[in-house]
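If you're wondering where the values come from, they're calculated on a predicted model, not measured in any experiment.
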Amino acid sequence: MIYDALFGKPLISLITVGFAGIVVWYFLSSQRPTTRLVVQILFFGVMTLILVHSGIEPHRFQGYGSEDPQALLVIVAKTLWWIHLAWAVIGFIRLYLVLEGSPREARLLQDLVIGVVYIGMALSVLAFVFGVPIGTLVATSGVVAIILGLALQNTLADVFSGIALTLGRPYVIGDWILLSDGTEGRVIESNWRATHILTSANNIVVLPNSFLAKLGLTNISRPDESHLLVLTIRIAPTRMPASVRHVMTTALASCNSIVREPPPVVALKGLDATALEVELQFRVKSPSQRVLARNEVLDLVYRHCKSAGLLLAVPAAASVLTGDLPTEESARPPRVTPLELIEAIPVFATLTSDEKQKLAETTTVREFRKGDVIVQEGEMLPSLMMLRAGIIAARQGDGERGRLAPGDFFGETGLLAGMQEVCTLEALTPVTVYEIDQQAFAPLLNERPALAEEIAEDLASRAERFRNGAALPAEPAHSAHAILKTIRTIFRA
(Lines give C-alpha, C1' and ligand atoms only; values in the text may rest on other atoms or scores of the structure.)
Protein backbone atom coordinates (compact mmCIF):
# COMPACT_ATOMS: atom_id res chain seq x y z
CA MET A 1 0.00 0.00 0.00
CA ILE A 2 2.74 2.44 1.02
CA TYR A 3 4.88 1.33 -1.95
CA ASP A 4 2.05 2.01 -4.43
CA ALA A 5 1.29 5.38 -2.81
CA LEU A 6 4.89 6.54 -3.08
CA PHE A 7 6.04 5.01 -6.34
CA GLY A 8 2.78 4.65 -8.30
CA LYS A 9 2.88 8.31 -9.28
CA PRO A 10 6.39 9.34 -8.17
CA LEU A 11 6.28 13.02 -9.17
CA ILE A 12 2.98 13.67 -7.40
CA SER A 13 4.19 11.70 -4.37
CA LEU A 14 7.47 13.66 -4.27
CA ILE A 15 5.65 17.02 -4.46
CA THR A 16 3.25 15.92 -1.73
CA VAL A 17 6.12 14.80 0.55
CA GLY A 18 8.00 18.05 -0.17
CA PHE A 19 5.12 20.33 0.81
CA ALA A 20 4.28 18.14 3.81
CA GLY A 21 7.88 18.52 4.98
CA ILE A 22 7.59 22.31 4.72
CA VAL A 23 4.38 22.32 6.78
CA VAL A 24 5.77 20.01 9.47
CA TRP A 25 9.03 22.00 9.69
CA TYR A 26 7.07 25.25 10.02
CA PHE A 27 5.05 24.01 13.01
CA LEU A 28 8.06 22.57 14.84
CA SER A 29 9.41 24.83 17.58
CA SER A 30 12.68 26.63 16.82
CA GLN A 31 13.71 25.76 20.39
CA ARG A 32 14.15 22.14 19.28
CA PRO A 33 16.82 22.35 16.57
CA THR A 34 17.78 18.67 16.80
CA THR A 35 14.20 17.53 16.17
CA ARG A 36 13.94 19.94 13.25
CA LEU A 37 17.14 18.55 11.75
CA VAL A 38 15.93 14.95 12.07
CA VAL A 39 12.63 15.85 10.36
CA GLN A 40 14.47 17.64 7.55
CA ILE A 41 16.77 14.66 6.95
CA LEU A 42 13.81 12.24 7.04
CA PHE A 43 11.78 14.11 4.42
CA PHE A 44 14.86 14.72 2.27
CA GLY A 45 15.69 10.99 2.37
CA VAL A 46 12.17 10.01 1.30
CA MET A 47 12.26 12.53 -1.58
CA THR A 48 15.68 11.27 -2.72
CA LEU A 49 14.42 7.68 -2.67
CA ILE A 50 11.43 8.61 -4.84
CA LEU A 51 13.61 10.49 -7.36
CA VAL A 52 16.11 7.66 -7.66
CA HIS A 53 13.34 5.06 -8.08
CA SER A 54 11.65 7.17 -10.79
CA GLY A 55 14.92 7.64 -12.69
CA ILE A 56 15.04 11.43 -12.32
CA GLU A 57 18.50 12.86 -11.66
CA PRO A 58 18.14 16.18 -9.79
CA HIS A 59 21.77 17.12 -10.38
CA ARG A 60 21.41 17.00 -14.16
CA PHE A 61 19.27 19.03 -16.53
CA GLN A 62 16.88 16.86 -18.49
CA GLY A 63 15.37 18.68 -21.44
CA TYR A 64 11.63 18.59 -21.84
CA GLY A 65 9.32 20.24 -24.28
CA SER A 66 6.91 22.96 -23.46
CA GLU A 67 4.00 20.63 -24.34
CA ASP A 68 5.21 17.84 -22.05
CA PRO A 69 2.41 17.37 -19.47
CA GLN A 70 4.93 16.29 -16.83
CA ALA A 71 7.35 19.20 -17.35
CA LEU A 72 5.77 21.34 -14.65
CA LEU A 73 5.72 18.41 -12.19
CA VAL A 74 9.41 17.71 -12.81
CA ILE A 75 10.32 21.37 -12.27
CA VAL A 76 8.38 21.59 -8.99
CA ALA A 77 9.67 18.22 -7.74
CA LYS A 78 13.34 18.96 -8.45
CA THR A 79 13.03 22.49 -6.99
CA LEU A 80 11.55 21.09 -3.76
CA TRP A 81 14.37 18.54 -3.58
CA TRP A 82 17.02 21.25 -3.80
CA ILE A 83 15.20 23.37 -1.17
CA HIS A 84 15.07 20.44 1.26
CA LEU A 85 18.75 19.70 0.63
CA ALA A 86 19.65 23.31 1.46
CA TRP A 87 17.52 23.24 4.64
CA ALA A 88 19.13 20.00 5.80
CA VAL A 89 22.61 21.49 5.32
CA ILE A 90 21.55 24.68 7.14
CA GLY A 91 20.20 22.59 10.00
CA PHE A 92 23.64 20.99 10.40
CA ILE A 93 25.31 24.42 10.28
CA ARG A 94 23.02 25.95 12.91
CA LEU A 95 23.51 23.00 15.24
CA TYR A 96 27.15 22.08 14.86
CA LEU A 97 29.07 25.05 13.44
CA VAL A 98 30.30 26.80 16.61
CA LEU A 99 33.47 28.53 17.72
CA GLU A 100 35.05 27.01 20.82
CA GLY A 101 31.69 25.86 22.12
CA SER A 102 30.11 29.33 21.84
CA PRO A 103 27.22 29.29 19.32
CA ARG A 104 26.38 32.93 20.03
CA GLU A 105 29.82 34.12 18.97
CA ALA A 106 29.64 31.96 15.83
CA ARG A 107 26.37 33.48 14.61
CA LEU A 108 28.06 35.79 12.11
CA LEU A 109 30.07 32.93 10.60
CA GLN A 110 26.94 30.77 10.49
CA ASP A 111 25.04 33.49 8.60
CA LEU A 112 27.90 33.77 6.11
CA VAL A 113 27.99 30.03 5.42
CA ILE A 114 24.19 29.86 5.20
CA GLY A 115 24.22 32.70 2.66
CA VAL A 116 26.68 30.68 0.55
CA VAL A 117 24.38 27.63 0.83
CA TYR A 118 21.36 29.61 -0.38
CA ILE A 119 23.33 31.07 -3.29
CA GLY A 120 24.54 27.59 -4.23
CA MET A 121 20.98 26.22 -4.05
CA ALA A 122 19.64 29.05 -6.25
CA LEU A 123 22.36 28.52 -8.88
CA SER A 124 21.77 24.74 -8.82
CA VAL A 125 18.04 25.23 -9.42
CA LEU A 126 18.77 27.57 -12.33
CA ALA A 127 21.29 25.16 -13.85
CA PHE A 128 19.77 21.71 -13.21
CA VAL A 129 16.05 22.54 -13.20
CA PHE A 130 15.71 25.31 -15.78
CA GLY A 131 18.89 24.69 -17.79
CA VAL A 132 20.23 28.23 -17.46
CA PRO A 133 23.93 28.47 -18.51
CA ILE A 134 25.46 29.56 -15.21
CA GLY A 135 28.87 30.43 -16.72
CA THR A 136 27.33 32.92 -19.13
CA LEU A 137 25.06 34.29 -16.40
CA VAL A 138 28.00 34.89 -14.06
CA ALA A 139 30.01 36.63 -16.78
CA THR A 140 27.05 38.82 -17.71
CA SER A 141 26.37 39.75 -14.11
CA GLY A 142 29.98 40.82 -13.53
CA VAL A 143 29.27 44.38 -14.64
CA VAL A 144 26.20 44.53 -12.39
CA ALA A 145 28.28 43.21 -9.49
CA ILE A 146 30.88 45.96 -10.01
CA ILE A 147 28.21 48.64 -9.99
CA LEU A 148 26.60 47.24 -6.84
CA GLY A 149 30.02 46.89 -5.20
CA LEU A 150 30.80 50.57 -5.76
CA ALA A 151 27.38 51.62 -4.49
CA LEU A 152 27.60 49.44 -1.39
CA GLN A 153 31.31 49.74 -0.65
CA ASN A 154 30.77 51.21 2.85
CA THR A 155 28.24 48.54 3.74
CA LEU A 156 30.47 45.78 2.34
CA ALA A 157 33.43 47.19 4.27
CA ASP A 158 31.38 46.95 7.47
CA VAL A 159 30.33 43.37 6.63
CA PHE A 160 33.84 42.10 5.88
CA SER A 161 35.27 43.95 8.87
CA GLY A 162 32.61 42.28 11.00
CA ILE A 163 33.66 38.89 9.61
CA ALA A 164 37.32 39.65 10.38
CA LEU A 165 36.49 40.78 13.93
CA THR A 166 34.39 37.66 14.50
CA LEU A 167 37.08 35.29 13.29
CA GLY A 168 39.88 37.17 15.06
CA ARG A 169 37.79 37.45 18.25
CA PRO A 170 39.56 40.39 19.92
CA TYR A 171 36.46 40.63 22.14
CA VAL A 172 33.23 38.79 22.85
CA ILE A 173 29.82 39.91 24.01
CA GLY A 174 30.12 41.16 27.60
CA ASP A 175 33.79 42.26 27.41
CA TRP A 176 34.82 45.73 28.58
CA ILE A 177 36.94 47.41 25.89
CA LEU A 178 38.86 50.68 25.53
CA LEU A 179 39.39 52.16 22.05
CA SER A 180 42.23 54.42 20.99
CA ASP A 181 39.78 57.28 20.36
CA GLY A 182 38.77 57.24 24.04
CA THR A 183 35.53 55.27 23.71
CA GLU A 184 35.17 52.84 26.60
CA GLY A 185 32.41 50.47 27.67
CA ARG A 186 30.96 46.96 27.61
CA VAL A 187 30.16 45.20 24.32
CA ILE A 188 26.46 44.32 24.34
CA GLU A 189 25.84 43.46 20.67
CA SER A 190 27.82 42.72 17.52
CA ASN A 191 26.13 42.18 14.14
CA TRP A 192 26.97 42.29 10.45
CA ARG A 193 27.26 46.05 10.28
CA ALA A 194 28.13 47.50 13.69
CA THR A 195 29.16 46.88 17.29
CA HIS A 196 27.12 48.32 20.17
CA ILE A 197 28.99 49.48 23.29
CA LEU A 198 27.34 50.42 26.60
CA THR A 199 29.41 53.19 28.20
CA SER A 200 29.75 54.04 31.90
CA ALA A 201 27.45 57.02 31.26
CA ASN A 202 24.71 54.47 30.39
CA ASN A 203 24.75 55.47 26.72
CA ILE A 204 24.95 53.08 23.77
CA VAL A 205 27.65 53.90 21.21
CA VAL A 206 27.14 52.27 17.79
CA LEU A 207 30.42 51.91 15.88
CA PRO A 208 30.53 50.65 12.25
CA ASN A 209 32.71 47.55 12.03
CA SER A 210 34.93 49.13 9.36
CA PHE A 211 35.66 52.06 11.71
CA LEU A 212 36.21 49.76 14.70
CA ALA A 213 38.66 47.57 12.77
CA LYS A 214 40.96 50.59 12.19
CA LEU A 215 41.20 51.57 15.86
CA GLY A 216 43.58 50.29 18.49
CA LEU A 217 41.65 48.19 21.01
CA THR A 218 42.41 47.29 24.62
CA ASN A 219 40.34 44.43 26.04
CA ILE A 220 40.14 45.19 29.76
CA SER A 221 38.23 41.94 30.44
CA ARG A 222 41.16 39.72 29.46
CA PRO A 223 42.69 37.78 31.06
CA ASP A 224 40.24 38.96 33.75
CA GLU A 225 38.35 42.14 34.61
CA SER A 226 40.65 43.25 37.42
CA HIS A 227 41.81 46.73 36.52
CA LEU A 228 44.97 48.58 37.60
CA LEU A 229 44.64 52.12 38.96
CA VAL A 230 47.53 54.50 39.64
CA LEU A 231 47.32 57.49 41.98
CA THR A 232 50.14 59.95 42.64
CA ILE A 233 50.31 61.52 46.11
CA ARG A 234 52.65 64.35 47.15
CA ILE A 235 53.72 64.36 50.81
CA ALA A 236 55.67 67.13 52.51
CA PRO A 237 59.21 65.83 53.29
CA THR A 238 58.83 65.99 57.07
CA ARG A 239 59.48 62.26 57.64
CA MET A 240 61.89 59.71 56.27
CA PRO A 241 60.72 58.16 52.96
CA ALA A 242 60.53 54.70 54.56
CA SER A 243 58.05 56.04 57.17
CA VAL A 244 55.93 57.66 54.47
CA ARG A 245 55.94 54.45 52.45
CA HIS A 246 54.79 52.50 55.53
CA VAL A 247 51.87 54.89 56.08
CA MET A 248 50.79 54.60 52.43
CA THR A 249 51.01 50.80 52.59
CA THR A 250 48.83 50.82 55.72
CA ALA A 251 46.30 53.09 54.01
CA LEU A 252 45.98 50.69 51.07
CA ALA A 253 45.75 47.70 53.43
CA SER A 254 42.70 49.27 55.11
CA CYS A 255 40.84 49.83 51.83
CA ASN A 256 37.76 47.63 51.27
CA SER A 257 37.24 48.37 47.55
CA ILE A 258 40.52 47.09 46.11
CA VAL A 259 41.81 43.60 45.31
CA ARG A 260 44.07 41.98 47.93
CA GLU A 261 45.85 39.70 45.45
CA PRO A 262 48.03 40.78 43.79
CA PRO A 263 48.86 43.14 46.69
CA PRO A 264 48.93 46.89 46.07
CA VAL A 265 52.28 48.56 45.43
CA VAL A 266 53.69 51.78 46.89
CA ALA A 267 56.46 53.26 44.72
CA LEU A 268 58.56 56.30 45.67
CA LYS A 269 58.81 58.32 42.46
CA GLY A 270 60.78 61.40 43.40
CA LEU A 271 62.11 63.60 46.19
CA ASP A 272 62.97 67.30 46.34
CA ALA A 273 62.76 70.19 48.78
CA THR A 274 59.02 70.56 48.25
CA ALA A 275 57.62 67.03 48.27
CA LEU A 276 58.11 63.30 48.34
CA GLU A 277 56.16 61.94 45.36
CA VAL A 278 54.52 58.57 45.99
CA GLU A 279 52.75 56.42 43.39
CA LEU A 280 50.01 54.08 44.61
CA GLN A 281 49.27 51.09 42.34
CA PHE A 282 46.25 48.94 43.14
CA ARG A 283 43.65 46.83 41.37
CA VAL A 284 39.86 46.72 41.43
CA LYS A 285 37.63 43.78 40.48
CA SER A 286 35.93 45.60 37.63
CA PRO A 287 36.27 48.89 35.72
CA SER A 288 32.87 49.89 37.11
CA GLN A 289 34.44 50.09 40.62
CA ARG A 290 37.20 52.55 39.70
CA VAL A 291 35.47 55.67 41.01
CA LEU A 292 34.44 53.99 44.28
CA ALA A 293 37.97 52.66 44.89
CA ARG A 294 39.69 55.93 43.99
CA ASN A 295 37.44 57.88 46.35
CA GLU A 296 38.02 55.45 49.21
CA VAL A 297 41.80 55.37 48.72
CA LEU A 298 42.03 59.17 48.73
CA ASP A 299 39.89 59.34 51.87
CA LEU A 300 42.02 56.72 53.64
CA VAL A 301 45.30 58.37 52.58
CA TYR A 302 44.11 61.62 54.14
CA ARG A 303 42.99 59.91 57.35
CA HIS A 304 46.18 57.86 57.74
CA CYS A 305 48.37 60.89 56.98
CA LYS A 306 46.55 62.89 59.62
CA SER A 307 46.80 60.03 62.09
CA ALA A 308 50.55 59.63 61.47
CA GLY A 309 51.29 63.36 61.48
CA LEU A 310 52.15 63.64 57.78
CA LEU A 311 51.46 66.79 55.80
CA LEU A 312 50.30 66.94 52.20
CA ALA A 313 52.66 68.90 49.94
CA VAL A 314 51.69 71.98 47.98
CA PRO A 315 51.01 71.44 44.25
CA ALA A 316 54.06 71.23 42.04
CA ALA A 317 52.90 74.25 40.03
CA ALA A 318 52.38 76.43 43.10
CA SER A 319 54.75 79.34 43.58
CA VAL A 320 56.06 79.30 47.17
CA LEU A 321 59.19 80.37 48.94
CA THR A 322 61.36 77.46 50.02
CA GLY A 323 61.85 79.13 53.37
CA ASP A 324 58.15 78.75 54.11
CA LEU A 325 58.09 75.01 53.40
CA PRO A 326 57.82 72.65 56.42
CA THR A 327 60.85 70.53 57.20
CA GLU A 328 61.38 67.52 59.41
CA GLU A 329 62.55 69.84 62.19
CA SER A 330 59.99 72.64 61.79
CA ALA A 331 56.88 70.70 60.83
CA ARG A 332 54.12 70.70 63.42
CA PRO A 333 51.38 68.42 62.15
CA PRO A 334 47.92 68.86 63.65
CA ARG A 335 47.01 66.47 66.43
CA VAL A 336 44.07 64.11 66.13
CA THR A 337 42.06 64.86 69.25
CA PRO A 338 39.04 62.98 70.65
CA LEU A 339 36.90 66.07 69.94
CA GLU A 340 37.72 65.93 66.22
CA LEU A 341 36.71 62.26 66.04
CA ILE A 342 33.50 62.87 68.01
CA GLU A 343 32.53 65.66 65.59
CA ALA A 344 32.91 63.18 62.68
CA ILE A 345 30.56 60.55 64.20
CA PRO A 346 27.00 60.81 62.78
CA VAL A 347 25.38 59.50 65.99
CA PHE A 348 26.60 62.58 67.85
CA ALA A 349 25.63 65.09 65.16
CA THR A 350 22.77 66.44 67.30
CA LEU A 351 25.01 67.26 70.25
CA THR A 352 25.95 70.87 70.91
CA SER A 353 29.56 72.02 70.91
CA ASP A 354 29.62 72.13 74.71
CA GLU A 355 28.18 68.60 74.95
CA LYS A 356 30.78 67.28 72.50
CA GLN A 357 33.54 68.98 74.48
CA LYS A 358 32.34 67.42 77.74
CA LEU A 359 32.17 64.01 76.07
CA ALA A 360 35.69 64.41 74.66
CA GLU A 361 37.07 65.21 78.12
CA THR A 362 35.87 61.85 79.42
CA THR A 363 37.63 59.72 76.79
CA THR A 364 40.38 57.30 77.70
CA VAL A 365 43.13 55.87 75.50
CA ARG A 366 43.36 52.12 74.87
CA GLU A 367 45.91 50.23 72.83
CA PHE A 368 45.78 46.78 71.24
CA ARG A 369 48.58 44.68 69.81
CA LYS A 370 48.55 43.12 66.38
CA GLY A 371 46.33 40.01 66.44
CA ASP A 372 44.33 41.04 69.52
CA VAL A 373 40.60 40.34 69.33
CA ILE A 374 38.82 43.48 70.49
CA VAL A 375 35.34 41.94 70.58
CA GLN A 376 33.87 38.60 69.47
CA GLU A 377 30.85 38.21 67.21
CA GLY A 378 27.70 38.05 69.36
CA GLU A 379 29.27 39.88 72.32
CA MET A 380 28.18 43.32 73.50
CA LEU A 381 30.77 46.07 73.66
CA PRO A 382 29.57 48.48 76.40
CA SER A 383 31.67 51.40 75.16
CA LEU A 384 32.18 53.41 72.00
CA MET A 385 35.67 53.27 70.51
CA MET A 386 37.07 55.74 67.98
CA LEU A 387 40.01 54.47 65.97
CA ARG A 388 42.99 56.81 66.40
CA ALA A 389 45.62 54.75 64.55
CA GLY A 390 45.95 51.28 62.99
CA ILE A 391 43.70 48.87 61.07
CA ILE A 392 40.91 46.63 62.40
CA ALA A 393 39.39 43.73 60.44
CA ALA A 394 35.68 42.92 60.79
CA ARG A 395 35.18 39.17 60.36
CA GLN A 396 32.11 36.97 60.33
CA GLY A 397 32.75 33.24 60.43
CA ASP A 398 35.70 32.54 58.13
CA GLY A 399 35.14 35.57 55.91
CA GLU A 400 36.24 39.17 56.20
CA ARG A 401 33.45 41.75 55.90
CA GLY A 402 35.60 44.86 55.81
CA ARG A 403 38.28 46.91 57.54
CA LEU A 404 38.23 49.95 59.80
CA ALA A 405 40.75 52.79 59.42
CA PRO A 406 41.63 55.87 61.49
CA GLY A 407 38.53 57.98 61.98
CA ASP A 408 36.14 54.98 62.01
CA PHE A 409 34.26 54.02 65.16
CA PHE A 410 32.50 50.97 66.59
CA GLY A 411 30.67 49.82 69.73
CA GLU A 412 28.01 52.58 69.62
CA THR A 413 25.20 50.00 69.37
CA GLY A 414 26.36 48.25 72.52
CA LEU A 415 26.98 51.49 74.43
CA LEU A 416 23.68 53.15 73.58
CA ALA A 417 21.28 50.27 72.82
CA GLY A 418 22.72 47.11 74.36
CA MET A 419 22.92 45.45 70.92
CA GLN A 420 25.38 42.66 70.14
CA GLU A 421 28.20 43.04 67.64
CA VAL A 422 27.51 41.31 64.32
CA CYS A 423 31.22 40.82 63.52
CA THR A 424 34.42 39.87 65.29
CA LEU A 425 36.83 42.81 65.39
CA GLU A 426 40.54 41.95 65.24
CA ALA A 427 43.55 44.27 65.22
CA LEU A 428 45.59 43.77 62.03
CA THR A 429 48.24 46.26 63.17
CA PRO A 430 48.99 47.92 66.51
CA VAL A 431 45.83 49.88 67.25
CA THR A 432 45.14 52.98 69.35
CA VAL A 433 41.54 53.95 70.17
CA TYR A 434 39.74 56.62 72.20
CA GLU A 435 37.07 55.01 74.41
CA ILE A 436 33.82 56.47 75.80
CA ASP A 437 31.91 54.35 78.35
CA GLN A 438 28.32 54.51 79.61
CA GLN A 439 29.20 56.51 82.72
CA ALA A 440 30.59 59.30 80.56
CA PHE A 441 27.50 59.44 78.35
CA ALA A 442 24.82 59.14 81.07
CA PRO A 443 24.91 62.85 82.17
CA LEU A 444 24.08 63.99 78.64
CA LEU A 445 20.90 61.89 78.50
CA ASN A 446 19.88 63.02 81.99
CA GLU A 447 20.25 66.70 81.02
CA ARG A 448 18.48 66.30 77.65
CA PRO A 449 16.00 63.34 77.55
CA ALA A 450 14.93 64.15 73.95
CA LEU A 451 18.44 63.25 72.85
CA ALA A 452 17.64 59.56 73.41
CA GLU A 453 14.93 59.62 70.71
CA GLU A 454 17.25 61.23 68.16
CA ILE A 455 20.00 58.70 68.85
CA ALA A 456 17.53 55.77 68.68
CA GLU A 457 16.35 56.81 65.20
CA ASP A 458 19.92 57.11 63.94
CA LEU A 459 21.03 53.76 65.41
CA ALA A 460 18.02 51.95 63.92
CA SER A 461 18.72 53.26 60.41
CA ARG A 462 22.48 52.55 60.74
CA ALA A 463 21.85 48.97 61.89
CA GLU A 464 19.50 48.31 58.95
CA ARG A 465 21.93 49.77 56.38
CA PHE A 466 24.83 47.77 57.77
CA ARG A 467 22.85 44.53 57.78
CA ASN A 468 21.69 44.97 54.17
CA GLY A 469 25.15 45.97 52.94
CA ALA A 470 26.93 43.10 54.70
CA ALA A 471 24.37 40.45 53.63
CA LEU A 472 24.18 39.21 57.19
CA PRO A 473 21.82 36.42 58.29
CA ALA A 474 18.35 37.37 59.31
CA GLU A 475 17.64 38.15 62.95
CA PRO A 476 14.94 40.12 64.81
CA ALA A 477 14.95 43.71 63.60
CA HIS A 478 15.85 46.55 65.96
CA SER A 479 13.21 49.24 65.64
CA ALA A 480 13.73 52.80 66.83
CA HIS A 481 11.09 52.25 69.53
CA ALA A 482 12.83 49.13 70.85
CA ILE A 483 16.23 50.87 70.82
CA LEU A 484 14.80 53.88 72.65
CA LYS A 485 13.33 51.61 75.31
CA THR A 486 16.71 49.88 75.72
CA ILE A 487 18.57 53.19 75.97
CA ARG A 488 16.29 54.42 78.75
CA THR A 489 16.59 51.11 80.59
CA ILE A 490 20.40 51.09 80.40
CA PHE A 491 20.96 54.66 81.51
CA ARG A 492 18.20 54.61 84.15
CA ALA A 493 20.12 51.75 85.74
Side-chain angles (χ1 to χ4, degrees), residues 98-112 149-234 252 255 257-259 261-267 269-270 277-298 315-317:
V98 297
L99 294 178
E100 299 179 8
S102 303
R104 184 178 182 182
E105 305 304 331
R107 188 58 182 263
L108 190 60
L109 181 60
Q110 290 179 355
D111 292 343
L112 178 64
L150 292 174
L152 302 175
Q153 58 181 340
N154 291 333
T155 301
L156 292 176
D158 292 336
V159 171
F160 285 107
S161 296
I163 295 172
L165 290 172
T166 299
L167 296 178
R169 305 190 72 194
Y171 57 81
V172 296
I173 304 299
D175 280 357
W176 191 287
I177 62 174
L178 171 64
L179 303 179
S180 58
D181 67 345
T183 303
E184 182 179 4
R186 194 175 299 279
V187 179
I188 60 174
E189 183 181 348
S190 181
N191 53 40
W192 283 89
R193 183 182 178 276
T195 296
H196 298 229
I197 300 175
L198 178 64
T199 67
S200 56
N202 202 33
N203 298 321
I204 294 180
V205 177
V206 181
L207 296 176
N209 289 329
S210 58
F211 175 77
L212 184 61
K214 299 175 182 177
L215 296 177
L217 184 150
T218 300
N219 192 330
I220 300 176
S221 297
R222 297 185 185 180
D224 55 54
E225 280 209 355
S226 64
H227 187 62
L228 178 67
L229 292 180
V230 178
L231 286 179
T232 300
I233 307 295
R234 291 169 52 83
L252 291 176
C255 185
S257 302
I258 67 177
V259 176
E261 292 294 336
V265 175
V266 177
K269 302 294 289 184
E277 193 171 89
V278 183
E279 185 177 87
L280 307 181
Q281 303 175 10
F282 53 92
R283 290 183 176 273
V284 292
K285 293 181 179 179
S286 170
S288 61
Q289 298 181 351
R290 287 178 295 189
V291 174
L292 174 65
R294 187 183 294 111
N295 290 345
E296 184 179 7
V297 168
L298 289 175

- Query: Within the distance-only criterion (no hydrogens, no angle test), does the side chain of Asn295 pair as donor or acceptor with the backbone N or O of Leu292 below 3.5 angstrom?
  - Reply: no

With a 4.5 Å heavy-atom cut-off, do [X] and [Y] have their side chains touching?
X	Y	answer
Leu179	Leu207	yes
Thr232	Lys269	no
Val297	Leu252	yes
Leu229	Gln289	no
Gln281	Pro262	no
Thr183	Ile177	no

- Could you list the residues that satisfy side-chain contact (heavy atoms from CB on, under 4.5 Å) with Val259, not counting sequence neighbours?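 Result, side-chain contact (heavy atoms from CB on, under 4.5 Å) vs Val259: Arg283, Lys285.
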
Give, for atom [atom1] of [X] and atom [atom2] of [Y], the distance between the pair rounded to the nearest 0.5 Å.
X	Y	atom1	atom2	answer
Glu189	His196	CD	NE2	4.5 Å
His227	Leu178	NE2	CG	8.0 Å
Ser226	Ile258	OG	CD1	12.5 Å

- Item | Identified side-chain contact (heavy atoms from CB on, under 4.5 Å) counterpart of Ile188 within the set Ile197, Ile173, Ile204 |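 Testing Ile188 for a side-chain contact (heavy atoms from CB on, under 4.5 Å) against Ile197, Ile173, Ile204 leaves exactly one candidate, Ile204.
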
- Task: Go through the structure and list residues passing side chain to side chain donor-acceptor pair (under 3.5 Å) with Thr199, not counting sequence neighbours.
- Result: none

- Message: Looking at every non-hydrogen atom in both residues, tell me the closest pair between Gly174 and Arg186 and how far apart they are.
- Response: O-NH1, 2.7 Å

- Do you know which two heavy atoms are closest between Asn219 and Ser221, and how far apart they sit? OD1-N, 3.0 Å

